[in-house]
Amino acid sequence: MTEQSPALDNLLTESRTFPPSDEFAGQANAKADLYATADADREQFWAGQAERLSWDTKWSQVLDWTNAPFAKWFVGGKLNVAYNCVDRHVESGHGDQVAIHWVGEPGDTRDITYAQLKDEVSKAANALSSLGVVAGDVVAIQLQMVPEAIFAMLACARIGALHSVVFGGFSPTALRARVDDAAAKIVITSDGQYRRGKAAPMKANVDEALQGAETVQKVIVVKRTGSDLEGETPWTDGRDLWWHELVDGQSPEHQPEAFDSEHPLFILYTSGTTGKPKGILHTSGGYLTQTAYTHNVVFDHKPGEDVYWCTADIGWITGHSYIVYGPLANRVTQVVYEGTPNTPHEGRHWEIIQKYKVSIYYTAPTLIRTFMKWGEDIPAKYDLSSLRVLGSVGEPINPEAWIWYREKIGANKTPVVDTWWQTETGAIMISPLPGVTAAKPGSAQRALPGISAKVVDDTGAEVPHGGGGYLVLDKPWPSMLRGVWGDEERFRDTYWSRFSDQGYYFAGDGAKYDGDGDIWLLGRVDDVMNVSGHRISTTEVESALVSHPTVAEAAVVGATDPTTGQGIVAFVILRGNAVDGGDDAVQELRNHVAKEIGPIAKPRQIMVVAELPKTRSGKIMRRLLRDVAENRQIGDVTTLADSSVMDLISSGLNSGKEE
Ligand code: WTA
């Protein structure tokens with residue numbers, strides 16, 4: 001037997017805490033007793049959350065887990081998801097409330113009330129029905145952040161068709177793989193999109209993707225860039241239809257049909273570590289219950305008062321759960337922005353917050369670090385006093401980025417909620433409650449009321465406080481994935497086989513408990529380094545680097561090392577105000593990490609770079625950096641947002657070596 005050792009060494013310590021003000025706590029949607037209420041009777045608790053929705057037929061059983069890992073929630077219940085997100089708000093007298101403040105990248109805007117949203121969604125639903133789309137059919141959507149993307153998703157939900165949204169930046173090959181896998185009947189796209197101030201074609205890529213695609217009958221095209229686009233939009237007669245010609249003339253009356261609680265709502269593809277993307281399947285009642293619940297308690301959202309802005313793209317799960325379903329079910333007024341954060345200038349987000357008096361802002365650490373890099377004087381020029389809750393999602397947020405976010409954006413007073421979840425979990429699972437939790441920068445802290453998560457070792461035993469290991473979800477939750485589209489084996493293998501004896505869902509993330517039992521996410525388990533027998537998280541070393549005043553962003557990888565097993569190699573971007581990264585600066589950074597974490601975590605090598613390779617959803621591609629660190633030919637770069645970044649890094653390093 002091997003010696004028992006913690007799965008991850010717990011090295012970085014962070015002791016700052018930020019409790020909510022009495023004022024915030026007093027008015028919060030979620031109070032401290034919510035944890036005990038949920039613990040006392042989980043199913044009763046979730047039934048109470050489901051009652052926030054409008055059901056056509058009530059369920060007879062809250063949870064059926066007899067066929068694990070295939071859950072059924074609110075068994076026998078029937079509802080229409082789009083009715084819950086739209087019509088019921090009009091019926092309750094809020095038809096004039098703005099649902100969406102849409103801001104186009106070139107500066108055009110559109111305010112859409114709930115009454116207008118109801119008309120648009122109904123017309124789009126009638127249009128899809130007129131093309132023969134019925135419940136259970138799949139509609140692929142490749143659109144940038146335009147209102148029609150939201151209308152189209154809700155129109156699908158309204159008629160029981162599944163949508164499969166494909167991120168606008170994905171290549172024709174990626175789109176085609178998704179269209180084929182789900183046998184999509186319809187594709188919805190646009191003529192072109194504005195990106196960094198320029199009109200770029202979109203339909204042309206879709207055409208390339210669909211050559212010979214047998215399942216696709218119609219392509220619906222939203223006119224967005226029109227004559228700003230060079231050249232004509234390619235057209236296939238008999239297949240292609242303009243959105244405005246098809247939809248605008250439809251009746252705004254549409255009777256929503258109630259579907260089973262377990263009726264499929266959508267498929268969203270997410271990349272696995274290898275091979276083809278997995279089509280993650282979500283269903284209706286449980287998904288809407290948990291997205292609405294979490295949006296209510298985590299963001300403390302007050303309908304009709306708050307102005308909410310989630311900066312995610314509709315092509316990712318965050319856009320599905322926290323732009324479309326959760327917020328609209330809760331009668332949100334929200335900003336939807338089409339463009340990039342630095343078009344036409346680096347203050348664009350702050351300008352929008354100032355204009356619409358945004359009170360809840362939800363974004364990703366990668367963007368926060370980019371804002372840090374651009375400098376605090378940019379947000380300082382705007383009135384951000386409307387903000388009262390800030391959120392973060394997508395990767396571990398380094399404590400320094402967290403503090404910067406709270407201080408420079410949140411005027412040192414707003415709660416910051418670090419929300420951990422996945423495409424597969426459908427909704428937020430681990431997060432502080434803004435009116436309850438004394439927040440710790442860098443920690444997602446604790447499973448939400450009604451949710452259960454554990455950190456376990458290799459054998460599945462829970463690690464003690466202070467210990468590290470693997471994050472598992474040990475009880476089913478309403479918005480859990482119901483499978484991988486068309487591949488039951490892959491579903492079982494990927495998520496349920498690692499801890500099959502215990503029946504745990506393995507999230508693929510490393511995590512640790514601190515002394516109080518709060519959870520700290522440590523990145524994907526394949527981002528764990530092993531240096532001289534110590535398992536060190538790349539996240540911890542990155543956070544230590546980012547805590548140095550000269551560092552804006554850092555990515556850390558483990559490179560094969562003849563003596564220590566792996567050596568720590570760091571890539572850092574310096575802040576705008578830092579002097580050039582000469583040898584002394586690098587030495588200082590190495591010492592800084594040694595001081596923050598311990599000599600064991602001192603990077604073997606630190607390379608100063610201008611950019612880091614990222615996927616289109618902003619995740620750093622450590623695999624490519626590992627290739628650089630190990631002097632290998634660089635691998636597949638097709639999923640990079642900007643494929644020239646790797647050339648920049650390698651050429652910079654080579655020239656550095658030769659001179
Ligand atoms: C990571 C995004 C630390 C994690 C909603 C997870 C996080 C993966 C956090 C899912 C967080 C997401 N702290 N890590 N707050 N949020 N992650 O499917 O590794 O795009 O497994 O869903 O992102 O990414 P996905």
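Counting starts at 1 for both ligands and their atoms, following the listed order. By convention here, the first residue in the shown sequence is residue 1.
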Any idea which residues sit under 4.0 Å from ligand 1, heavy-atom distances?
-> Ile317, Thr318, Val393, Gly394, Glu395, Pro396, Asp418, Thr419, Trp420, Trp421, Gln422, Thr423, Asp509, Leu521, Arg524, Lys619

Does Asp418 have any salt bridge (charged side-chain N to carboxylate O under 4.0 Å, His left out) partners at least two apart in sequence or in another chain, and if so, which?
-> none

Sidechain N-carboxylate O distance under 4.0 Å for Lys614, Glu395 | no

Show the numbers, then the answer: is there a side-chain contact (heavy atoms from CB on, under 4.5 Å) between Ile519 and Trp420?
-> CA-CA 10 Å; Ile519 296 174; Trp420 179 88; over 6 Å; no

May I have all residue pairs that pass ring-ring contact (aromatic ring centres under 6.0 Å, His included) and include part of residues 390-418, sequence neighbours excluded?
-> Phe18-Trp402

With sequence neighbours excluded, what pairs up with Gln334 under the side-chain hydrogen bond (donor to acceptor under 3.5 Å, both in side chains) test?
-> none

Is the closest side-chain donor-acceptor distance between Ser547 and Glu400 under 3.5 Å?
-> no

